[in-house]
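The structure appears below as structure tokens.
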Amino acid sequence: MADLIRVGMADYKVGRAPSTLISYGLGSCIGISLYDTQAKVGGLLHIMLPDSTQARPTDNPAKFADTGLPLMLKDVLELGASRTRLVAKIAGGAQMFAFANATDIMRVGARNAEAAKKILKEMNIRLLAEDTGGNYGRTVQINLNDGVYKVKTIDKGEKEI
Amino acid sequence: MTDELNLSANQLDALREIGNVGAGNSATALSQVINRRIDMNVPKVAMVPLEAVPDLVGGPDAVVVGIFLRVYGKAPSNILFLLPQKSAFYLVDILMGKPHGQTRKLDAMDESALMEIGNILSGAYLNAFFTFTKITMLPSIPALAMDMAGAILNVVLAQLGQMGDQALVIETEFLSEDDGINGQFFLVPDPGSLETIINAVGVE
């Protein structure tokens with residue numbers, strides 16, 4: 001049986017076919033995948049926050065979109081991915097609770113999605129698909145055999161992007 | 001700012017005692033509303049790495065009902081009351097006077113009833129908090145979501161994540177006498193609030 005590798009919150013994992021990388025229960029967090037179809041290697045990053053500008057030096061870099069992505073990219077390249085073939089998919093970024101006067105932190109999901117897209121663009125990585133927003137949780141997984149990115153929800157069904 | 005990682009044993013004890021009295025008040029209130037005995041455990045007070053918090057509630061993909069309140073005042077905090085789906089449905093049965101097992105999803109009225117429970121628990125809890133600390137804490141109106149525990153916890157964890165990698169969690173479990181209802185009540189102070197609370201407690 002192929003490996004199922006779990007990616008925790010504020011963490012990332014890289015691997016190669018036939019493994020699958022999975023991250024459970026994303027709310028405002030985002031699961032960013034990178035994949036190289038030819039080399040069949042990829043990674044999954046589970047970020048919590050858009051950027052590290054307010055962070056302390058001791059903070060875990062995988063928590064933020066801007067510091068987590070370069071780290072994962074480096075590891076995926078070391079596994080043999082080609083920089084030019086890599087494509088990205090993202091999912092998550094929900095706002096779980098609706099408040100009339102939602103503060104910035106309540107909207108962190110939307111800000112996470114924006115940041116992820118901006119950073120992918122800056123790094124010249126093509127964003128192939130996304131499933132972001134809404135008010136529901138997602139479990140995401142990327143199959144490193146074919147790059148299929150599956151998004152499961154409790155009552156909004158399951159989709160592949 | 002007080003280093004979150006270096007709370008003394010006495011300070012942790014003081015927080016545990018506040019949690020104990022707060023949760024005791026809440027348990028009594030809940031017990032009166034549903035007319036059943038409610039037991040509670042001794043609160044757990046701990047610094048937990050953010051990524052480990054979902055494991056406290058059965059894992060990030062466990063389906064739970066979460067009632068969330070923001071707490072305003074001198075020590076801004078978050079309150080989260082989590083019930084496994086089954087418990088929440090049973091609680092709704094009791095609140096709405098329905099036979100056990102009838103609730104299978106939540107309509108607007110059910111959600112409103114559960115949010116009211118969140119209000120009652122939080123009010124009782126924060127009253128005790130005030131008695132100990134003289135810090136007035138005002139809860140927001142509650143919000144409710146039924147979803148994966150990890151996703152629901154995100155709302156609190158993202159906030160804490162801006163300031164560090166750990167959460168101070170004061171957690172109490174409630175259990176009804178017939179085991180039909182169990183819930184976890186979390187008070188999670190904002191990182192900046194911890195010092196205010198500790199100072200107000202006056203323990204070194």
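The figures that follow rest on heavy atoms only: side chains count, while hydrogens, waters and symmetry mates do not. Just so we're clear, the structure is a prediction, and the values are computed from it rather than from any experiment. Proteins get letters first, then strands, A, B, ... in listed order; numbering begins at 1 in each.
B:D190 and B:R70 are joined by a salt bridge, as a carboxylate oxygen and a charged side-chain nitrogen come within less than 4.0 angstrom of each other. The pair A:K118-A:D51 does not meet the salt-bridge criterion, since no charged nitrogen lies less than 4.0 angstrom from a carboxylate oxygen.
With a 4.5 angstrom heavy-atom cutoff, B:A149 does not touch chain A via any of its atoms. When heavy atoms are compared at a cutoff of 4.5 Å, B:P49 does not approach chain A at all. If you measure heavy-atom distances from A:I154 to chain B, the contacts under 4.5 Å come from both the backbone and the side chain.
The aromatic rings of B:F174 and B:F185 lie perpendicular to each other, with more than 60° between the two planes, well past the 30° mark.
With chain A as partner, the option from B:D61, B:V53, B:I152, B:L50 having the largest number of non-hydrogen pairs under 4.5 angstrom is B:D61.
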Review point. Going through the checks in order, is the side chain to side chain contact (heavy atoms under 4.5 Å, CB included) test met by B:L106 and B:F89?
Key: CA-CA 8 Å; B:L106 301 178; B:F89 288 172; 3.8 Å; yes
